[in-house]
Amino acid sequence: MGYRVAVVGATGQVGREMLNILAEREFPADEIAALASSRSIGKDVHYGDDRVIKAKALEHFDFKGWDIALFAAGSTVAKAWAPKAAAAGCVVIDNSSLYRMDKDVPLIVPEVNADAIDGYKARNIIANPNCSTAQMVVALKPLHDRARIKRVIVATYQSVSGAGNAGMDELFTQTRAVFVNDPLENKKFTKQIAFNVIPHIDVFLEDGSTKEEWKMVVETQKILDPAIKVQATCVRVPVFVGHS
Ligand SMILES: NC(=O)c1ccc[n+]([C@@H]2O[C@H](COP(=O)([O-])OP(=O)(O)OC[C@H]3O[C@@H](n4cnc5c(N)ncnc54)[C@H](OP(=O)(O)O)[C@@H]3O)[C@@H](O)[C@H]2O)c1
């Protein structure tokens, strides 16, 4: 018998990718629920190449009887709904930053620290790291096993997909506006992103770094080794998909 899996944020960049991957990898799911805000009720959401599911509103959804909830709808939604899903017996895997540094919630990258997953039983919640941390620790893990890394200096060049649907729309609209000589408007990003790079992702902290940079430091320490020092510079670049 397969699992019943709910994807929260199924109409977003991450949720849609989750549905693609569940289908591509033939994850043993008997039933998939595509959940989003009430704005998206009835919207078609693709599950693989040949299946389409109608989106439902998270606010009317009952998690009882569902095995896994993949949350990809931001911290506010996770705060309101993840504990309810977890209390209903559904294992929550959350993509937002809300639970990442919670000591009762394991922060997992399967290729790196799958053993830490047992800790999920405390709250029935598992957290996923920031996208840049996730890919970096996969590369660091075998090096650390062989040679004990002391310090990492990293620069990331992150596509606008990391800022969700709104970030991708802004790059498209601004790029078009540049070519047709329309006025440019910054809504999602603090500066023009078309034909520009912005060393500012998430909010600025007191020490002048950004929260995105801070996440790379503390998340790497939680996943890999608290002794590793990380110095990160995170830059948003005018590329639609694919961080480097
Ligand atoms: N993009 C990335 O590369 C990336 C990487 C790692 C982690 N994350 C994290 O993953 C989360 C989602 O990011 P994203 O890029 O996919 O964002 P997104 O494209 O803006 O999508 C947001 C999703 O959340 C849903 N949503 C918003 N408010 C809701 C509500 N009140 N109730 C139910 N659903 C609601 C939206 O539904 P509607 O369409 O109905 O509004 C949509 O499905 C964020 O926490 C982000 O930090 C993103």
Side-chain angles (χ1 to χ4, degrees), residues 5-22 32-47 53-63 66 69-85 90 92-102 105 107-110 125-138 156-173 187-189 193 201-203 210-216 219-220 223 234-244:
V5 181
V7 176
V8 180
T11 53
Q13 289 300 321
V14 176
R16 279 182 293 184
E17 209 50 53
M18 285 171 165
L19 287 165
N20 280 338
I21 291 169
L22 287 169
I32 299 275
L35 307 176
S37 77
S38 48
R39 297 180 289 274
S40 298
I41 292 177
K43 230 184 205 177
D44 284 348
V45 180
H46 288 271
Y47 172 47
I53 312 172
K54 296 278 180 205
K56 293 182 185 156
L58 170 65
E59 61 181 324
H60 300 132
F61 191 73
D62 182 358
F63 285 94
W66 289 78
L70 302 172
F71 270 69
S75 294
T76 310
V77 172
K79 193 170 186 178
W81 289 94
K84 289 181 189 158
C90 179
V92 170
I93 302 176
D94 181 35
N95 256 273
S96 80
S97 58
L98 183 69
Y99 293 108
R100 289 178 191 158
M101 299 313 295
D102 186 320
V105 174
L107 180 62
I108 301 293
V109 175
I125 300 175
I126 299 164
N128 252 357
N130 173 273
C131 37
S132 297
T133 312
Q135 36 188 297
M136 182 175 75
V137 292
V138 171
T156 67
Y157 303 97
Q158 302 181 209
S159 63
V160 295
S161 64
N165 289 336
M168 295 186 74
D169 289 348
E170 189 148 316
L171 175 58
F172 180 84
T173 312
K187 285 195 240 161
K188 184 71 187 172
F189 301 111
I193 184 64
I201 304 180
D202 209 329
V203 294
T210 60
K211 196 165 176 199
E212 188 82 351
E213 291 159 350
W214 173 83
K215 287 175 200 163
M216 291 197 78
E219 292 175 12
T220 301
I223 295 165
C234 297
V235 182
R236 185 72 73 197
V237 296
V239 167
F240 281 101
V241 178
H243 294 3
S244 55

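As the structure is a prediction and not an experimental result, all values here were calculated from the model. In listed order, ligands and their atoms are each counted from 1. Just so you know, residue 1 is the first one in the sequence shown, and it goes up from there.
- Taking all heavy atoms of Arg39, Gln13, Lys56 into account, the minimum distance to atom 28 (N) of ligand 1 is reached by Arg39.
- Checked by distance only, ligand 1 and Ser75 stay at 3.5 Å or farther apart across all their nitrogen or oxygen atoms.
- The closest approach between Ala166 and ligand 1 stays at or above 4.0 Å for every heavy atom of the residue.
- Comparing Thr133, Asn95, Val7 against atom 7 (C) of ligand 1, the shortest heavy-atom distance belongs to Asn95.
- Using a 3.5 Å distance cut-off with no hydrogens or angles, the side chains of Glu170 and Thr173 do not pair a donor with an acceptor.
- Close approach to Ala36 involves these atoms of ligand 1, each under 4.0 Å from a residue heavy atom: 33 (C), 34 (N), 37 (O), 40 (O).
- Residue contacts with ligand 1, taken as heavy atom pairs separated by less than 4.0 Å, involve Ser161 solely via the backbone atoms N, CA, C and O.
- Shown in contact with Ser96 at under 4.0 Å from a heavy atom are these atoms of ligand 1, numbered in order with element: 45 (O).
- Those atoms of ligand 1 with a heavy atom of Leu58 less than 4.0 angstrom away are 32 (N), 33 (C).
- Applying the 6.0 Å contact sphere to NZ of Lys215 captures more than 12 heavy atoms from other residues, nucleotides or ligands.
- The main-chain N or O of Ser159 is found under 3.5 Å from a side-chain atom of Arg236 such that the two form a donor-acceptor pair.
- Within ligand 1, the atoms closer than 4.0 Å to a non-hydrogen atom of Asn165 are 18 (P), 19 (O), 20 (O), numbered from 1 in the order shown.
- Residue Cys131 places no N or O, backbone or side chain, under 3.5 Å from any N or O of ligand 1.
- Annotation: atom 29 (C) of ligand 1 to nearest protein heavy atom, Val77 CG2, 3.5 Å.
- Between Phe63 and Phe71, the angle of the ring planes stays under 30°, which puts this pair in the parallel group of the 30/60° scheme.
- Close contacts of ligand 1 with Ala10, meaning ligand atoms under 4.0 Å from a residue heavy atom, involve 43 (O).
- Which parts of ligand 1 touch Thr11 is read off a 4.0 Å heavy-atom cut-off, strictly below it: atoms 36 (C), 37 (O), 38 (P), 39 (O), 40 (O), 42 (C), 43 (O).
- The contact set between ligand 1 and Val14, taken as ligand atoms under 4.0 Å from a residue heavy atom, comprises 1 (N), 2 (C), 4 (C), 8 (N), 10 (O), 13 (O), 14 (P), 15 (O), 16 (O), 48 (C).
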